[in-house]
Number of protein chains: 2
Amino acid sequence: MAAMDAIRWLNAQEQATWRSLLRAYSRIERLLDHDLQASNGLSLVEYGILVTLSESPESRMRMRLLADSVIVSKSRLSHQIARLERAGFVRRETCEEDRRGAWAVLTDDGRALLEAAAPGHATLVRDRVFDRLTPEQIQQLGAIMRALEPDDDAP
Amino acid sequence: MAAMDAIRWLNAQEQATWRSLLRAYSRIERLLDHDLQASNGLSLVEYGILVTLSESPESRMRMRLLADSVIVSKSRLSHQIARLERAGFVRRETCEEDRRGAWAVLTDDGRALLEAAAPGHATLVRDRVFDRLTPEQIQQLGAIMRALEPDDDAP
DNA sequence: CACCAACAGTTGAAATTTAAACTATATTCC
DNA sequence: GGAATATAGTTTAAATTTCAACTGTTGGTG
């Protein structure tokens, strides 16, 4: 009878850690987002889309896989790509193998934008994250995040 | 001449760690948000608002401080509180000491909602985060996040 | 083969979020 | 004291995001 099981609350340390994580991440995300917006008119998610495409074979990726890679609903991705397409940074191509599908393809303008945005972004990430941690902490953070990544039954 | 300084890119380990953090956090946030939405009709931010108010003296907090606590723009908080007020979970009171100000106050219904939502939420956080880490890792994560929290010049 | 459930992606409307302008009160400082 | 400036919060409109419904495939399965 599951309903009778005692709830395993977070203890004080866990609670403090959890809240610290929420706050730290929210602040950093907001800062990165505002910075990209101000300097290149991109949101953090759009930046992620461009990076992902740029590292993909032929600078292209199927919508579904792209959505999963940047952790975004397929509807949101569809709108997002529409915007990037209007701006000329991405184009869509129909997929011959699977005629339901579509490729999102990074354009030259998109790659140029990414290259313009990357240095400032990298500097900020370094500034706000890695320069504040010791080498051991960086290694620990990596191990911790890898442990949290697998999402058995994704929603 | 700052423009001539070499860009300090992330090295491979840092890059992998950073991406892992983005992915892990995004997934967890989305999961928590969907879960709260489905079970109690709350977003993660709204849940945070209720928690923060519930722990505040007299279950009340000034808008500005509340916005800073949950890391949200004051405009967004204003809308958010409007929604929670319409739903009866929060009410506004005018502030006598500073007549520009307003208190957001948790109502009894709001507290009841929070108490209904908390067990499931805590269980999910435990499930997705703390049960996947060793005690050392939990301690490390806390230290790391505390190191990242201070945002010298907040935007 | 023909049906039928699952999948890929888009769309339109509703809800939320952002950005900027605005109201009102406090504070500073000459 | 009073003008200038800063702060608290709201509001409006535009942009983004969500949600559910929808269009076409594709992949089994009897």
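Letters A, B, ... are given to chains in the order of the sequence lines, protein chains preceding strands, and every chain is numbered from 1.
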Just jot down the side-chain contact (heavy atoms from CB on, under 4.5 Å) partners of [X], sequence neighbours excluded, or say none.
X: A:S20; result: A:R23, B:M145, B:R146, B:E149
X: B:Q139; result: A:Q13, B:A143
X: A:A118; result: A:Y47, B:W9
X: A:E29; result: A:Y25, A:L44

Once you round it to whole Å, what is the distance between [atom2] of [N] and [atom1] of [X]?
X: B:Q80; N: C:dA15; atom1: CD; atom2: P; answer: 14 Å
X: A:I81; N: C:dT11; atom1: CD1; atom2: P; answer: 13 Å
X: A:E29; N: C:dT18; atom1: CD; atom2: P; answer: 10 Å
X: B:R83; N: D:dT17; atom1: CZ; atom2: C1'; answer: 15 Å
X: A:E85; N: C:dT11; atom1: CD; atom2: C1'; answer: 15 Å

I'd like a table of donor-acceptor pairs (distance under 3.5 Å, sequence neighbours excluded) in which one partner is a side-chain atom from residues 66-76 of chain B, with atom names and distances.
residue: B:D68; atom: OD1; partner: B:R64; partner atom: NH2; Å: 3.1
residue: B:S69; atom: OG; partner: B:L65; partner atom: O; Å: 2.7
residue: B:S73; atom: OG; partner: B:R76; partner atom: N; Å: 3.0

Set of salt bridge (Lys or Arg N to Asp or Glu O under 4.0 Å) partners for B:E97, sequence neighbours left out: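 B:E97 satisfies salt bridge (Lys or Arg N to Asp or Glu O under 4.0 Å) with no residue once adjacent residues are dropped.
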Full working for salt bridge (Lys or Arg N to Asp or Glu O under 4.0 Å) between A:E55 and B:R19: CA-CA 13 Å; A:E55 295 176 347; B:R19 294 191 182 187; 2.8 Å; yes
Evaluation steps, salt bridge (Lys or Arg N to Asp or Glu O under 4.0 Å), between A:R83 and A:E85: CA-CA 5 Å; A:R83 183 176 111 64; A:E85 190 172 33; over 6 Å; no
Which atom of A:G110 lies closest to which atom of A:L50, heavy atoms considered: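 Between these two residues, the closest heavy atoms are O-CD1, 4.2 Å.
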A:D131 and B:R8: CA distance, side-chain angles, deciding distance, salt bridge (Lys or Arg N to Asp or Glu O under 4.0 Å) verdict: CA-CA 11 Å; A:D131 280 354; B:R8 294 168 54 237; 3.1 Å; yes
Joint hydrophobic cluster, B:I28 plus A:L22, side-chain heavy atoms closer than 4.5 Å: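 Yes, it is one cluster - the side chains of B:I28 and A:L22 are joined through contacts under 4.5 Å.
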Of all pairs that satisfy salt bridge (charged side-chain N to carboxylate O under 4.0 Å, His left out), the ones with a partner from residues 105-115 of chain A, not counting sequence neighbours: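 Residue pairs with at least one partner in residues 105-115 of chain A: there are none.
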Base of C:dT18 paired with side chain of B:H79 (donor-acceptor, under 3.5 Å):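 Between C:dT18 and B:H79, which were checked side chain against base, a qualifying N/O pair under 3.5 Å is present.
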Contacts of B:F130 that satisfy ring-ring contact (aromatic ring centres under 6.0 Å, His included) - sequence neighbours left out: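 For B:F130 there are no ring-ring contact (aromatic ring centres under 6.0 Å, His included) partners, ignoring immediate neighbours.
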Nucleic acid contacts of residues 53-69 of chain B, taken as heavy-atom distances under 4.0 Å to DNA chain D: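 Of all residues in residues 53-69 of chain B, the ones placing a heavy atom under 4.0 Å from DNA chain D are B:R62, B:M63, B:R64.
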DNA chain D contacts among residues 89-107 of chain B, heavy-atom distance under 4.0 Å: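 Contacting residues: B:R92, B:R100, B:G101, B:A102.
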Residues in contact with DNA chain C, drawn from residues 71-78 of chain A - heavy-atom cutoff 4.0 Å: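 Nucleic-acid contacts, sorted: A:K74, A:S75, A:S78.
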Stretch residues 35-45 of chain A: residues that reach within less than 4.0 Å of DNA chain C through a heavy atom: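 The stretch gives none, as no residue of it lies under 4.0 Å from the strand.
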